[in-house]
K.L.:
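Next up is a structure, given as structure tokens.
Along the sequence shown, the residues carry numbers beginning at 1.
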Amino acid sequence: MALLPILCYPDPKLHRIASPVPGVDASVRRLIADMLETMYDAKGIGLAATQVDVHQRLIVIDISEQRDQPLVLVNPGITWTSAEKKLNEEGCLSVPGIYDGVERFDAVAVSALDRDGKARVVEASGLLAVCIQHEMDHLMGRIFVEYLSPLKRNRIKTKMRKLQRGERD
């Protein structure tokens, strides 16, 4: 396993739309293991392949307290959403140190393949539903800050560029 570099906003590669994974093979399972290791090392609860500059429809999530219940979704697709939406504070490994409110569906159902290539449906609510929607946005080239006002987004972009250059506010 290996730690993968995480792309940081406003890197344009974060806006690429991910392609379907043609099949779950040894290379995909290796990528899954590397993504999980990277997510755990970065203290995150979710990671999309797009964030590690692999533009395939693959996400890993673990919202458990013990960090021992990884959820792997290959080629995920939302098949149902609740009527209710909720405002939740979100952060992102690609936008470190930034948190803000984003409105998401309170519950979703997702069809996907697991790490063995078996089809499954995941019904999620609360934090897991938020995390799934957030990571699936990455697969579509969308970052959570894009839900914010243009003023907030521009401030975040400026702050992230300064951080990347090693400057302080």
Side-chain angles (χ1 to χ4, degrees), residues 1 4 6-9 14-25 28-148 156:
M1 294 194 305
L4 304 170
I6 298 172
L7 298 175
C8 282
Y9 181 76
L14 287 167
H15 295 289
R16 287 189 49 196
I17 296 174
S19 300
V21 175
V24 179
D25 58 15
V28 171
R29 283 190 283 280
R30 188 169 35 259
L31 175 60
I32 290 166
D34 291 346
M35 285 175 60
L36 284 166
E37 183 178 356
T38 301
M39 178 188 71
Y40 290 134
D41 182 72
K43 310 285 189 269
I45 61 171
L47 187 67
T50 301
Q51 293 176 271
V52 294
D53 205 14
V54 176
H55 302 281
Q56 294 188 323
R57 294 188 57 77
L58 168 63
I59 61 178
V60 297
I61 295 171
D62 191 342
I63 61 167
S64 68
E65 291 286 323
Q66 294 77 26
R67 315 294 285 142
D68 61 354
Q69 296 174 35
L71 174 63
V72 174
L73 300 173
V74 179
N75 296 331
I78 293 178
T79 58
W80 173 85
T81 61
S82 63
E84 303 81 35
K85 288 186 170 185
K86 212 173 187 181
L87 187 66
N88 301 280
E89 186 167 274
E90 293 187 24
C92 181
L93 294 176
S94 291
V95 194
I98 304 294
Y99 301 88
D100 213 315
V102 176
E103 189 175 61
R104 304 253 188 211
F105 292 105
D106 192 43
V108 296
V110 178
S111 63
L113 301 178
D114 65 14
R115 71 172 79 207
D116 297 317
K118 293 189 177 104
R120 65 179 299 186
V121 173
V122 176
E123 294 179 1
S125 60
L127 179 59
L128 181 57
V130 169
C131 194
I132 287 171
Q133 292 169 82
H134 176 107
E135 299 308 331
M136 287 185 66
D137 271 357
H138 279 297
L139 301 180
M140 297 306 298
R142 190 159 194 185
I143 300 137
F144 90 99
V145 298
E146 293 172 28
Y147 289 97
L148 308 178
I156 292 167

K.L.:
Step through the shown structure and confirm whether more than 12 heavy atoms of other residues, nucleotides or ligands are within 6.0 Å of CD on Glu146.
P.N.:
yes
K.L.:
Distance from Leu93 atom CG to Gln51 atom CD, nearest 0.5 Å?
P.N.:
6.0 Å
K.L.:
Apply salt bridge (charged side-chain N to carboxylate O under 4.0 Å, His left out) to Asp137 and list each qualifying residue two or more places apart in sequence or on a separate chain.
P.N.:
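Partners of Asp137 by the salt bridge (charged side-chain N to carboxylate O under 4.0 Å, His left out) criterion, ordered by chain and then number, come out as Arg104.
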K.L.:
Would you say that Ile143 contacts Val95 through its side chain, given a criterion of any heavy-atom pair below 4.5 Å between the two side chains?
P.N.:
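A side-chain contact under 4.5 Å exists here.
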K.L.:
Starting from the C-alpha separation in whole Å, work towards a yes-or-no answer on side-chain contact (heavy atoms from CB on, under 4.5 Å) for Arg120 and Leu71.
P.N.:
CA-CA 11 Å; Arg120 65 179 299 186; Leu71 174 63; 3.5 Å; yes
K.L.:
Please find the pair of heavy atoms, one from Ile59 and one from Met136, that lie closest to each other, and give the distance.
P.N.:
CD1-CG, 4.1 Å
K.L.:
Can you name the nearest heavy-atom pair linking Pro76 to Ala112, along with the distance?
P.N.:
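Taking Pro76 first and Ala112 second, the nearest heavy atoms are CA-CB, 3.8 Å.
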K.L.:
Is there side-chain contact between Tyr40 and Pro70, with heavy atoms separated by less than 4.5 Å?
P.N.:
yes
K.L.:
Please report the interatomic distance CG(Leu31) to CG(Leu36), rounded to the nearest 0.5 Å.
P.N.:
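So the gap between those two atoms works out to 9.5 Å.
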K.L.:
Is there a side-chain contact between Phe144 and Ile98 in this structure, where contact means two heavy atoms from C-beta onward sitting under 4.5 Å apart?
P.N.:
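They are in side-chain contact.
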K.L.:
Are the side chains of Asp100 and Glu89 in touch, meaning some heavy atoms are under 4.5 Å apart?
P.N.:
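Contact flag for Asp100/Glu89 side chains = no.
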K.L.:
Could you tell me whether the side chain of His138 and the main chain of Thr50 form a donor-acceptor pair under 3.5 Å?
P.N.:
no
K.L.:
With the side chain counted from C-beta on, respond yes when Arg57 and Met140 share a heavy-atom pair under 4.5 Å apart, and no when they do not.
P.N.:
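Heavy-atom side-chain distance check passes, below 4.5 Å.
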K.L.:
Are Met35 and Leu4 packed together at the side-chain level, in the sense that at least one heavy-atom pair is separated by less than 4.5 angstrom?
P.N.:
yes
K.L.:
Nearest 0.5 Å, please: how far is CE in Met39 from CZ in Arg67?
P.N.:
5.0 Å
K.L.:
Quick one: list whatever passes ring pair (Phe, Tyr, Trp, His ring centres under 6.0 Å) with Phe105, sequence neighbours left out.
P.N.:
none
K.L.:
In Å and rounded to the nearest 0.5 Å, what is the CD1 to CD distance from Ile63 to Gln69?
P.N.:
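Rounded to the nearest 0.5 Å, the CD1-CD separation comes to 8.5 Å.
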K.L.:
Would you check if the side chain of Ser82 reaches a backbone N or O of Ala107 as a donor-acceptor pair within less than 3.5 Å?
P.N.:
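Looks like yes, one N/O pair under 3.5 Å.
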K.L.:
Under the side-chain contact (heavy atoms from CB on, under 4.5 Å) criterion, do Thr79 and Val110 qualify, and how do the steps go?
P.N.:
CA-CA 6 Å; Thr79 58; Val110 178; 6.0 Å; no
K.L.:
Pair Arg29, Val24 - check side-chain contact (heavy atoms from CB on, under 4.5 Å), show working.
P.N.:
CA-CA 7 Å; Arg29 283 190 283 280; Val24 179; 3.5 Å; yes
K.L.:
Are there more than 12 heavy atoms of other residues, nucleotides or ligands under 6.0 Å from atom CD of Glu65?
P.N.:
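No, the 6.0 Å shell around CD holds no more than 12 heavy atoms from other groups.
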K.L.:
Would you check if the side chain of Asp62 reaches a backbone N or O of Ser64 as a donor-acceptor pair within less than 3.5 Å?
P.N.:
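Between the backbone of Ser64 and the side chain of Asp62 there is a qualifying donor-acceptor contact (under 3.5 Å).
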K.L.:
Do side-chain atoms of Ser94 reach the backbone of Leu7 as a donor and acceptor pair under 3.5 angstrom?
P.N.:
yes
K.L.:
So if I apply the side chain to side chain contact (heavy atoms under 4.5 Å, CB included) rule between Leu73 and each of Leu113, Leu139, Asp114, Ile132, which one comes out positive?
P.N.:
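Testing each of Leu113, Leu139, Asp114, Ile132 against Leu73, the sole residue satisfying side chain to side chain contact (heavy atoms under 4.5 Å, CB included) is Ile132.
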K.L.:
Using every non-hydrogen atom in the two residues, find where Leu148 and Gly101 come nearest and quote the distance to one decimal.
P.N.:
CD2-O, 3.6 Å
K.L.:
Please round to the nearest 0.5 Å and tell me the distance separating atom CG of Asn88 and atom NE2 of His134.
P.N.:
12.0 Å
K.L.:
So, taking the atom named CG in Leu14 and the one named CG in Asp53, what distance separates them when rounded to the nearest 0.5 Å?
P.N.:
8.5 Å
K.L.:
Decide yes or no for Cys8 and Pro96: does some side-chain heavy atom of the first lie under 4.5 Å from some side-chain heavy atom of the second?
P.N.:
yes
K.L.:
Check step by step if side-chain contact (heavy atoms from CB on, under 4.5 Å) holds for Ile45 and Leu127.
P.N.:
CA-CA 10 Å; Ile45 61 171; Leu127 179 59; 3.9 Å; yes
K.L.:
Does Arg142 have more than 12 heavy atoms from other residues, nucleotides or ligands lying within 6.0 Å of its CZ?
P.N.:
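Yes, because the 6.0 Å sphere around CZ of Arg142 holds more than 12 heavy atoms from other groups.
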K.L.:
Would you indicate whether the side-chain heavy atoms of Lys85 and Asp106 approach each other to under 4.5 Å?
P.N.:
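Of all side-chain heavy-atom pairs linking Lys85 with Asp106, none is under 4.5 Å.
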